[in-house]
Amino acid sequence: MEGDMVVTRFAPSPTGHLHIGGARTALFNWLFARKHNGKFILRIEDTDRQRSKEEYVKDIIEALKWLGLLWDEGPIFQSQRLDYYNSIVERLLKEGKAYYCHCDPEELEKKRKEAIARGEKPRYDRRCRDLGLGPAPGAVVRIKAPLTGTTQFKDIIKGVITVNNEDLDDIIIMRSDGTPTFHLAVVADDIDMGVNYVIRGDDHLMNTPKQIIIYQALGEPIPNYAHIPLILGPDRTRLSKRHGAMPVLAYRDMGYLPQAIINALARLGWSYGNQERFTVQELIEKFSLERVGKSASIFDAEKLLDLNGWHIRNSSDDYLAKELIPFIKKLGIEDVTEEDTRKLVPILKKRSKTLVEMAEKSLFYFGMDVEYEKEADEKFLTPDVLDLLIDLRNRLNELSEFSEKALEELFIKFLDDHKIKLKEIAQPIRVALTGKTVSPGLFEVMQALGKEKVIYRLNRAIEHIRSKK
RNA sequence: GGUCCCAUCGUCUAGUGGUUAGGAUACCGGCCUCUCACGCCGGCGGCAUGGGUUCGAAUCCCAUUGGGACCGCCA
């Protein structure tokens, strides 16, 4: 081991998009490494050439980068380390810890099915174990698992796990095509890279004894294990492509902030007293494996939405102004600038739970004309407010500075002169300026729009009402 | 079927023998108010079941039930 330095890794196989479950495993590894000033390695487990796809490698890397889960080493591709795995298997063979097996795979498969049908444990009968066979076409290499005793390890989250070695199998560590299997590659790599904390989904809990046997055969110390509970779909079954396993990047496109995703994922299985909302920095400071729960959880999209709203509210205007631009462009406003979004963000950040929502709410700002919602038009743009709107237009026309304070003062006088309350005229003004009955505060809207647009839109509303007579 | 893991409001969770079982979200009501949000206040709602241990159990033990994972030349 490399002294006391914590070394963790995230080791996805590129057979699908990075989804919530994988992202959380990556997050816990990353947080733990950061917390302890350790090293976080990204390793791509692509020994299955059939199912591994380049596009998924790209997706995983892009998603991790977007989330800000940056690695200190890698990405390391297992497919490029075949020689290394070979040397490990070679060594095991030489030391009599592993052996060639010439059994016919189809026959084995048949036996397995029969065993299951009989209600027995399907397991290799170890027929080749002591035959001293050599390499041959179609031969695989199996590990010699201990026949008696127990294999035990202390999991940081699950506690002591004990299995009887009788229940273990002589698993294949090298396929007939010379490529290593998952278990061999994982152990060989973790040893080579100095990984001393294996933090992974608890679907690997039962794989751990098998891997420990490989460590033991190699005479290497086993790492610390932390098997984190799985994230389940709404139907309480394992998250998969079919239900609810949305790619992480889909959340980006839906207007979620990476900080919010991180916050939500961290609180899935991990807790810190009654605190629900965390910045990434706080998570690094407060994270610990001891506070990870044992039971599986369901990902709650509602809670993520709430958290996203909070992170938006607590993000800087500058940051949001930048992030918002592509979402507004997506709505067809091609020439939106940061100057525009800087005006919009402060008045929209308290009322938006996603950037998509914020973009939609921004629409009132663009262009000169607004389209009146039918009901809003009928209810509020009525002849009885005509004189008020005309007077307001005249007064605003006199105003040189469209600051919130100046506008407010102007309104106080305007309302006073007409002996009315803001409540009575607010909605007609709102509809005139935005076309809608719902918008940010009137003064905020006017300030953002600026004098030219405000006067223009008031004039247009005035004409529109006149045309109704 | 075997092995292993898990079990507190719908959901995420706090809780480690003595609490009116707390918080968050969602939902409902109210306040604030130029609409909508934000914010604040209140409400609804939970210890899977049965046995033990104990003066006392959400908490410890056992069983049952339920859920999950693994049992591949997938990872």
Side-chain angles (χ1 to χ4, degrees), chain A residues 11-15 45-48 50-52 78 101 105 108-109 112 115-123 138-142 155 157-159 161-164 166-169 171-177 179-183 185-186 201-210 227 229-230 232 234 236-238 264 267-277 291 293-307 309-310 313 347-353 361 376 380 411 415 421-431 434 436-443 445:
Chain A
S13 63
T15 54
E45 308 218 324
D46 57 349
T47 52
D48 182 358
Q50 302 298 316
R51 298 200 304 148
S52 296
Q78 289 190 325
C101 168
L108 255 26
E109 181 60 28
R112 184 179 5 260
I116 292 172
R118 280 197 306 269
E120 288 170 18
K121 183 177 175 59
R123 193 173 50 190
V140 298
V141 177
R142 290 180 184 273
D155 189 89
I157 294 164
K158 305 279 184 182
I161 306 291
T162 308
V163 295
N164 287 321
E166 294 168 32
D167 296 325
L168 261 25
D169 208 351
I171 58 162
I172 293 172
I173 56 176
M174 182 161 282
R175 292 185 271 258
S176 54
D177 66 359
T179 59
T181 59
F182 164 69
H183 294 293
V186 165
D202 73 10
D203 50 335
H204 286 298
L205 198 63
M206 287 297 99
N207 286 331
T208 306
K210 301 174 198 169
H227 286 91
L230 256 23
L232 271 22
R236 281 219 160 266
T237 64
R238 189 180 174 163
R267 277 293 286 104
L268 221 48
W270 175 83
S271 63
Y272 191 81
N274 275 341
Q275 187 173 351
E276 299 285 344
R277 295 161 171 180
R291 294 212 56 88
K294 291 179 171 186
S295 53
S297 47
I298 297 170
F299 183 65
D300 185 3
E302 293 288 351
K303 200 142 182 177
L304 171 64
L305 194 60
D306 174 73
L307 239 20
W310 184 82
R313 269 173 265 141
I347 66 175
L348 257 22
K349 66 195 285 192
K350 277 195 166 50
R351 358 174 97 79
S352 309
K353 292 194 188 251
K361 288 188 156 83
F380 295 111
F411 262 79
L415 296 171
K421 298 232 185 283
L422 180 55
K423 202 184 209 89
E424 301 167 56
I425 191 67
Q427 286 301 73
I429 298 172
R430 188 184 314 282
V431 176
T434 70
K436 297 175 166 53
T437 54
V438 175
S439 84
L442 277 184
F443 304 134
V445 166

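Quick caveat, the model's predicted, so the values are computed rather than measured. Lettering of chains follows the sequences in order, A, B, ..., and the numbering in each one begins at 1.
Spacing between B/rG66 and B/rU25 at atom C1', rounded to whole Å, works out to 25 Å. Nucleotides B/rU20 and B/rC4 place their P atoms 40 Å apart, quoted to the nearest Å. Across B/rG1 and B/rA58, the matching C1' atoms stand 34 Å from one another, rounded to whole Å. B/rC9 and B/rC28 are spaced 16 Å apart, taking the C1' atom of each and rounding to whole Å. Taking atom P in both B/rG46 and B/rG22, one finds a spacing of 12 Å when rounded to whole Å. Annotation: B/rG67 and B/rA48 have their C1' atoms spaced 11 Å apart (nearest Å). Using C1' as the reference atom, B/rC74 and B/rU13 are 34 Å apart when rounded to the nearest Å. B/rG15 and B/rG23 are spaced 15 Å apart, taking the P atom of each and rounding to whole Å.
Closest to the side chain of A/Leu205, out of B/rC12, B/rC4, B/rU3, is B/rC4. The side chain of A/Pro122 sits closest to B/rC71 out of B/rC5, B/rC71, B/rA7. Closest to the A/Val438 side chain, of the nucleotides B/rA75, B/rG72, B/rU35, is B/rU35. In this structure, the nucleotide among B/rC36, B/rA69, B/rA14 sitting nearest to the side chain of A/Met206 is B/rA69. Side-chain proximity of A/Lys353 to the nucleotides B/rC4, B/rA7, B/rA26 is greatest for B/rA26. Residue A/Arg291 places its side chain closer to B/rG15 than to any other of B/rG15, B/rU35, B/rU3. Relative to the side chain of A/Ile161, the nucleotides B/rC5, B/rU13, B/rC34 differ in distance, and B/rC5 lies closest. Minimum atom distance to the side chain of A/Leu422 is reached by B/rC34, of the listed B/rC34, B/rC36, B/rC71. Distances from the side chain of A/Arg430 to the nucleotides B/rC70, B/rA26, B/rU35 place B/rU35 closest. Of the candidates B/rU35, B/rC4, B/rC71, B/rC4 carries the atom nearest the A/Val163 side chain, counting heavy atoms from C-beta on.
Checking the phosphate oxygens (OP1, OP2) of B/rC5, no side-chain nitrogen or oxygen of A/Lys158 falls inside 4.0 Å. Using a 4.0 Å cut-off, some side-chain N or O of A/Arg175 falls inside it from OP1 or OP2 of B/rC74. Side-chain nitrogen and oxygen atoms of A/Arg313 include at least one within less than 4.0 Å of the OP1 or OP2 phosphate oxygen of B/rG39. Side-chain N/O atoms of A/Thr47 include one lying less than 4.0 angstrom from OP1 or OP2 on B/rA75.
Using a 4.0 Å cut-off between charged nitrogen and carboxylate oxygen, A/Arg277 and A/Asp306 count as a salt-bridge pair. Salt bridge A/Asp48/A/Arg51: present, at least one basic N to carboxylate O contact under 4.0 Å.
Looking at heavy-atom distances under 4.0 Å, A/Asp300 makes contact with a base. Note on A/Ser176: a base of the nucleic acid sits closer than 4.0 angstrom, heavy atoms only. At the heavy-atom level, A/Gly269 lies under 4.0 Å from the strands shown only through sugar-phosphate atoms. At the heavy-atom level, A/Lys349 lies nowhere under 4.0 Å from the strands shown. Note on A/His204: a base of the nucleic acid sits closer than 4.0 angstrom, heavy atoms only. A/Ile298 comes within contact range of the sugar-phosphate backbone alone, with a heavy-atom separation under 4.0 Å but no base atom that close. A/Lys423 comes within 4.0 angstrom of sugar-phosphate atoms only, judged by non-hydrogen atoms across all strands, and of no base. Residue A/Asn207 is in base contact, counting any heavy-atom pair closer than 4.0 Å across all strands shown. Contact annotation for A/Leu442: base contact, defined as any heavy-atom pair under 4.0 Å involving a base atom. As judged by a 4.0 angstrom heavy-atom cut-off over every strand, A/Pro440 is placed among the base-contacting residues. Within 4.0 Å (heavy atoms only), A/Ser271 reaches sugar-phosphate atoms of the nucleic acid but no base atom. Across all strands shown, A/Thr437 has heavy atoms under 4.0 Å from base atoms, whether or not it also approaches the sugar-phosphate. At a threshold of 4.0 angstrom between heavy atoms, the contacts of A/Thr179 with the nucleic acid are absent.
Per the geometry, CG belonging to A/Asp177 stands 7 Å off C1' belonging to B/rC73, to the nearest Å. Rounded to whole angstrom, the span from the CD1 atom of A/Ile157 across to the C1' atom of B/rA7 amounts to 17 Å. Rounded to whole angstrom, the span from the CD atom of A/Gln275 across to the C1' atom of B/rA24 amounts to 12 Å. Straight-line distance from the CD atom of A/Gln78 to the P atom of B/rA75: 9 Å, rounded to whole Å. The separation between A/His227 atom NE2 and B/rC70 atom P is 12 Å, rounded to whole Å.
One can find a donor-acceptor pair under 3.5 Å joining the base of B/rA24 and the side-chain atoms of A/Lys303. For A/Asn274 against B/rG22, a side-chain N or O and a base N or O form a donor-acceptor pair under 3.5 Å. Evaluation of atom-type donor-acceptor distances gives a pair under 3.5 Å for the side chain of A/Arg51 against the base of B/rC74.
Searching all strands for a Watson-Crick or G-U wobble partner of B/rU11 with both distances below 3.5 Å returns B/rA24. Summarising the base pairing, B/rU54 is matched to no nucleotide, lacking a Watson-Crick or G-U wobble pair whose two defining distances lie under 3.5 Å.
With values rounded to the nearest 0.5 angstrom, A/Lys423 atom NZ is found 13.0 Å from A/Leu415 atom CG.
With sequence neighbours excluded, the residues satisfying side-chain hydrogen bond (donor to acceptor under 3.5 Å, both in side chains) with A/Gln275 are A/Glu282, A/Lys286. Residues that satisfy the salt bridge (charged side-chain N to carboxylate O under 4.0 Å, His left out) test with A/Lys349, not counting sequence neighbours, are A/Asp317.
In this structure, A/Val186 and A/Asp306 both approach RNA chain B, and ranking their closest nucleotides by distance from the 5' end singles out A/Asp306.
Residues A/Thr179 and A/Arg175 have side chains that bring a donor and an acceptor to within less than 3.5 angstrom of each other.
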